[in-house]
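Before any comments, here is the structure.
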2 protein chains.
Amino acid sequence: MAGTDQLSAVFSALSDPTRRAIIAELADRDATVTELTAPLSISMPAVSRHLKVLERAALISRSRSGKWRASHLESAPLREAADWIERYRRLWDASLTRLDAHLAAVQAADRATDRTADDPRDPE
Amino acid sequence: MAGTDQLSAVFSALSDPTRRAIIAELADRDATVTELTAPLSISMPAVSRHLKVLERAALISRSRSGKWRASHLESAPLREAADWIERYRRLWDASLTRLDAHLAAVQAADRATDRTADDPRDPE
DNA sequence: CCTTCATTTAACCAACCAGTTAAGCGTATT
DNA sequence: AATACGCTTAACTGGTTGGTTAAATGAAGG
């Protein structure tokens, strides 16, 4: 898994297409192992282990009801992962829009001959 | 890497903390292999291979300038990855909101025998 | 109680991953 | 031309992964 931290576990879990298919399925509705196995072309033990991986990454929680175990998608880790990506993607995009911001700042300063100008740039 | 598709490659690349550190570095500025190696506690060949992984996932591009090779962050794959996550996270959140809305509606109807009720819950 | 159904664990395999050191390659620098 | 520098490739190691089949667990039902 490379790292043992939360983010590494989440990205590692998401790196498998089968697990992403499972997540897509669980986005609609909670499902049992048998239900999740049906559309996939792998054995139930394999699915069971994928679920274990997803569970260890906290991407899903599971509840037992009789002899069935339902898997339930958790959004928190997905949000964390998306946040991490957005953070750095935005930094990158910032370098593209920095020119725009600069021009805007210049224009603002130009306009601000008689009133206070505020900085268009916002860290984080 | 589990899958050979683009998304799998990107998530797999992001699943390593060293590679995420490299991305964080490259979000600020392009950098050479030596520069990227400095703050890390691993050998240069190791960094070189991490860069290869990032390049294969199209997360970075590289240019040669003299005897230096600069790495440059590409945002497109990051956006794709974030989009995938957001797609399913939003679906999940929607189902929660739906439940909240339902419960709120029920409570509202219950309370609404003599006055108007407003929803205390506010989605993100 | 014995069976059946849903799921997990065990044992095994082939492939991959992240790190190492040592050697190779291509481009300055002297 | 010879040396030094930046980086990559090769060869090896130990640990992990994703799949398999077969056996074990655990709750439900005859």
Side-chain angles (χ1 to χ4, degrees), chain A residues 1-26 29-73, chain B residues 1-26 29-57 59-72:
Chain A
M1 184 194 297
T4 44
D5 57 296
Q6 179 69 10
L7 216 39
S8 296
V10 171
F11 282 132
S12 180
L14 294 180
S15 77
D16 186 286
T18 300
R19 285 192 289 266
R20 289 201 304 277
I22 290 175
I23 287 178
E25 200 79 10
L26 291 177
R29 42 173 169 65
D30 292 3
T32 67
V33 182
T34 307
E35 287 169 344
L36 289 172
T37 303
L40 302 172
S41 52
I42 58 177
S43 66
M44 188 165 345
V47 173
S48 183
R49 292 209 318 192
H50 279 304
L51 291 174
K52 206 180 212 171
V53 171
L54 291 170
E55 194 174 24
R56 260 183 34 207
L59 282 163
I60 65 168
S61 58
R62 290 200 277 179
S63 58
R64 168 165 253 118
S65 164
K67 56 183 173 181
W68 294 277
R69 286 193 81 183
S71 294
H72 173 81
L73 189 60
Chain B
M1 184 194 295
T4 42
D5 55 297
Q6 178 70 10
L7 216 39
S8 296
V10 171
F11 281 131
S12 181
L14 294 180
S15 76
D16 186 285
T18 301
R19 283 192 291 263
R20 290 200 304 276
I22 290 175
I23 288 177
E25 200 79 10
L26 293 177
R29 43 173 170 65
D30 293 2
T32 67
V33 181
T34 306
E35 287 169 343
L36 290 171
T37 302
L40 302 172
S41 54
I42 58 177
S43 65
M44 188 166 347
V47 174
S48 183
R49 292 212 319 193
H50 279 305
L51 291 174
K52 206 180 211 174
V53 170
L54 291 170
E55 194 175 25
R56 259 183 36 205
L59 281 163
I60 66 168
S61 58
R62 291 199 277 180
S63 58
R64 169 165 254 118
S65 165
K67 57 182 172 182
W68 295 278
R69 285 192 82 181
S71 294
H72 173 80

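In the text below, chain A, chain B and the rest are named by the order of the sequence lines, each starting its count at 1.
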request  = Just jot down the side-chain contact (heavy atoms from CB on, under 4.5 Å) partners of A:Arg49, sequence neighbours excluded, or say none.
outcome  =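 Partners of A:Arg49 by the side-chain contact (heavy atoms from CB on, under 4.5 Å) criterion come out as none, since no residue qualifies.
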
Step-by-step side chain to side chain contact (heavy atoms under 4.5 Å, CB included) determination, A:Ile42 to A:His50 = CA-CA 11 Å; A:Ile42 58 177; A:His50 279 304; 3.9 Å; yes

ask   = First and last nucleotide of DNA chain C in contact with chain A, 5' to 3', at under 4.0 Å to a heavy atom: what are they?
value = C:dC5 to C:dT9

task = Could you name each residue pair satisfying salt bridge (charged side-chain N to carboxylate O under 4.0 Å, His left out) that touches residues 54-66 of chain A, not counting sequence neighbours?
result =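 For residues 54-66 of chain A, and leaving out neighbouring residues, the salt bridge (charged side-chain N to carboxylate O under 4.0 Å, His left out) pairs sorted by first residue read A:Glu55-A:Arg62.
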
remark   = Interatomic distance, CG@B:Leu36 vs OG1@B:Thr18, rounded to 0.5 Å, equals 11.5 Å

task = Hey, could you give me the CD1/OG distance between B:Ile22 and B:Ser71, rounded to the nearest 0.5 Å?
result = 8.0 Å

Test item: [X] side-chain N/O and [Y] main-chain N/O as donor-acceptor pair under 3.5 Å:
X: A:Ser12; Y: A:Ala9; result: no
X: A:Ser48; Y: A:Met44; result: no
X: B:Thr32; Y: B:Glu35; result: yes

Positions of residues 29-40 of chain B (non-hydrogen atom under 4.0 Å from DNA chain D), listed by number = B:Thr32, B:Val33, B:Thr34

inquiry  = For a quick check, with a 4.0 angstrom heavy-atom cut-off, what is the B/S/- contact string for nucleotides 17-30 of chain D, read 5' to 3'?
reply    = SBBBBB----SS--

query = Residues two or more places apart in sequence or in another chain: which of them pass side-chain hydrogen bond (donor to acceptor under 3.5 Å, both in side chains) with B:Arg69?
reply =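 Partners of B:Arg69 under the side-chain hydrogen bond (donor to acceptor under 3.5 Å, both in side chains) test: none.
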
inquiry  = I want to check something: taking the side chain as every heavy atom from C-beta on, are B:Arg20 and A:Ser8 in contact at a cut-off of under 4.5 Å?
reply    =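 In short, these two side chains touch, coming nearer than 4.5 Å.
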
